[in-house]
A.B. asks: 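Quick one: the structure is below, and I'll ask about it shortly.
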Amino acid sequence: MSGYTRELKELIKKVEATRGKRVERARKGEHFPALTMDERKKWLKQYHPDYKSDGRRAVLAGPNKGDVFPEEVAVLLESESLLDAEGLAISKPDYETDVLVIGGGGAGTSAALYAAAEGARVILSTKLRHGDSNTVMAEGGIQCADHEGDSPYFHYLDVMGGGHFTNQPDLVAAMTNDAPLIVSWLEEMGLMFDKLPAGRMKVRHGGGTSRKRMHSAGDMTGAEIMRVLRDEAQNRTEKIKVMEFSPAVELLTDKSGAIAGAILYNLETKEYYVVAAKSVIIATGGFGRLHIQGFPTTNHYGATADGIVMAYRAGVRMQDLDSTQYHPTGVVFPEQNVGLLITEKVRGLGTQLVNVEGEEFCFPLEPRDIESSCIIRECLEIGKGVNTPTGRIGVWLDSPMIDLIHGEGTIRKELPAKYIQFKRYNIDISKEPMLIYPTLHYQNGGLSINDKSETSVKGLYAAGEVSGGVHGRNRLMGNSLLDILVFGRRAGQNAAEYSKKTASYPAPTLNHVKAFHKELDKAGVKAPVKAPVLLPDYAPDHVKKRQWSQE
Ligand code: MEZ
């Protein structure tokens with residue numbers, strides 16, 4: 001028995017009616033025409049949520065004063081500390097370390113490994129468990145130009161084109177040139193890449209790629225990367241101390257404004273810890289749990305922009321932080337899975353998007369911002385979306401095409417996690433299509449860095465989704481898993497190097513926080529919220545009324 005309702009099953013018949021012809025065309029390599037450059041611009045402007053002026057405003061204080069951000073981000077940039085910066089005396093530190101890494105996902109863990117390899121003593125603090133991060137949520141693959149007919153040069157051009165040439169070129173060059181080194185490092189650590197029978201890596205297309213360069217581990221590539229990184233860190237306890245459930249809540253600076261460490265907060269015991277560090281790497285990931293413009297998200301529970309908040313107060317400018325990635329294919333049915341990612345690999349394997357009439361309406365491998373705009377247009381303007389029983393809207397992702405094109409059993413082999421995820425609700429995605437709509441997936445911008453992963457604050461580095469510039473205003477699939485490791489490595493190595501040159505621990509202060517609070521006051525920011533928020537607040541009002549006051 002199918003998990004779809006009677007009404008949805010009736011609509012699926014329209015998809016089935018056109019499938020045979022569509023598969024035939026796909027087998028011949030024919031596809032729905034891609035949009036022209038002019039159409040792309042028009043579609044983005046009219047349908048992409050980033051281009052709406054509602055729900056956005058200029059911030060009044062800090063390094064990006066006057067720049068426009070989504071309201072949810074602006075509020076956090078103008079927030080005040082959780083700490084009483086005036087009253088808190090920073091006494092003897094509880095811990096001292098060469099390098100403090102804040103964030104336990106792929107970027108933070110690779111940074112810790114590379115810093116330790118340079119001889120540094122490392123503390124890695126993580127808000128939840130080691131590995132709870134957007135890294136494990138990334139499914140479809142990691143890009144690397146390592147096959148004949150491809151090169152980092154073509155990879156570079158694709159990344160720049162995907163980002164509408166708004167990317168920071170030195171960062172793109174770093175990422176695309178380092179990719180082969182990173183993939184070979186992962187393989188040495190035992191990552192189980194998908195391979196052809198003769199042992200070569202399997203590679204596929206992603207949206208906006210001119211060559212097949214997506215390397216995968218089924219549809220759990222991020223989880224597999226995190227597995228080997230975490231194992232490796234656990235094998236180095238003499239150099240890397242991992243502190244779980246201990247998010248950083250504020251950076252510490254010395255009297256010159258250079259980095260001096262951070263204050264951690266133990267979520268279980270509610271204690272604060274002062275960590276004196278010669279250098280600090282921020283790798284706290286993205287902001288999906290801010291639910292910008294009310295979108296559901298693919299992000300993990302802790303994705304609340306903490307690193308952005310702390311670094312902004314310390315004086316780091318944000319780049320492209322007003323730009324948000326909506327992944328084209330988030331689940332809209334069943335309701336329990338709303339917002340969850342359906343990997344782009346599904347489209348890389350030949351699946352098409354079809355509307356309520358069973359008609360194709362866009363090229364399935366447009367860059368993500370374009371693809372999302374096409375789906376939003378089809379549903380909200382053309383009126384050919386599919387309504388779900390809970391009042392959502394979406395289009396079909398015709399997954400049964402995969403087995404018809406590549407042979408029976410391909411879905412179960414290439415997409416085991418998706419298969420199980422839907423099977424739980426009695427939907428067999430090798431026989432029935434999936435209902436999807438764009439979902440908030442990625443923070444395109446963040447802390448401004450250079451190709452050494454340095455920020456403008458001496459001794460402070462950043463890597464991964466928390467940083468900006470690599471992807472410009474739109475990221476292509478598989479470049480996030482690459483970015484976290486390329487810049488994690490660079491941050492780790494450079495922070496270790498910096499620490500070696502720093503003879504003693506700088507005396508830690510909260511001077512930058514006090515100065516920022518004064519600036520907020522002067523700018524007339526009324527009743528700023530307290531941040532980092534650490535965890536999203538999903539309690540409805542009637543529940544909030546019954547909660548203990550935090551004041
Ligand atoms: O890079 C990503 O965001 C990714 C691999 C996601 C996916 O579609 O699988």
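Each ligand, and each atom within it, is numbered from 1 in the order the structure gives.
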A.B. asks: Can we say Arg227 and Glu224 salt-bridge, meaning some charged N sits less than 4.0 Å from an Asp/Glu carboxylate O?
C.D. replies: yes
A.B. asks: Any N or O of Leu341 that comes nearer than 3.5 Å to an N or O of ligand 1?
C.D. replies: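 No; every N/O pair is 3.5 Å or more apart.
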A.B. asks: At under 4.0 Å between heavy atoms, is it the side chain or the backbone of Arg368 that contacts ligand 1, or both, or neither?
C.D. replies: side chain
A.B. asks: Check this for me - ligand 1, Ser480, N or O atoms closer than 3.5 angstrom, yes or no?
C.D. replies: no
A.B. asks: I want to know if ligand 1 touches Lys345 in the polar sense, i.e. an N/O pair below 3.5 angstrom.
C.D. replies: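 No - when backbone and side-chain N and O of Lys345 are compared with those of ligand 1, no distance drops under 3.5 Å.
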A.B. asks: Specify whether Trp185 and Tyr114 have parallel, tilted or perpendicular ring planes, treating 30° as the upper limit for parallel and 60° as the lower limit for perpendicular.
C.D. replies: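 Because their plane-to-plane angle lies in the 30° to 60° range, the rings of Trp185 and Tyr114 count as tilted.
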A.B. asks: Is there a donor in the side chain of Thr284 and an acceptor in the side chain of Lys127, or the other way round, less than 3.5 Å apart?
C.D. replies: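 Judged by distance alone, the side chains do not pair up.
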A.B. asks: Sub-3.5 Å donor-acceptor pair from the side chain of Asp194 to the main-chain atoms of Lys202, do we have one?
C.D. replies: no
A.B. asks: Are Gln325 and ligand 1 in contact, using a heavy-atom cut-off of under 4.0 Å?
C.D. replies: no
A.B. asks: Do any nitrogen or oxygen atoms of Gly140 lie less than 3.5 angstrom from nitrogen or oxygen atoms of ligand 1?
C.D. replies: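 N/O-N/O distance below 3.5 Å exists for this pair.
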A.B. asks: Does the N or O separation between Asn479 and ligand 1 drop below 3.5 Å for any pair?
C.D. replies: no
A.B. asks: Taking the side chain as everything from C-beta on, heavy atoms only, tell me whether Met175 gets closer than 4.5 Å to His471.
C.D. replies: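 In short, these two side chains touch, coming nearer than 4.5 Å.
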A.B. asks: For salt bridge (Lys or Arg N to Asp or Glu O under 4.0 Å), just list the numbers for Glu414 and Arg204, CA-CA rounded to whole Å, side-chain angles, deciding distance to a tenth of an Å, and then say yes or no.
C.D. replies: CA-CA 12 Å; Glu414 296 279 348; Arg204 295 196 187 280; 3.1 Å; yes
A.B. asks: Return the orientation label for the His215 and Phe193 ring planes: parallel under 30°, perpendicular over 60°, tilted otherwise.
C.D. replies: perpendicular
A.B. asks: Could you identify the single nearest non-hydrogen protein atom to atom 8 (O) of ligand 1 and state the distance to 0.1 Å?
C.D. replies: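 Ranking protein heavy atoms by distance from atom 8 (O) of ligand 1, first comes Glu344 N, 2.8 Å.
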A.B. asks: State if His441 counts as touching ligand 1 under the rule of any non-hydrogen atom under 4.0 Å.
C.D. replies: yes
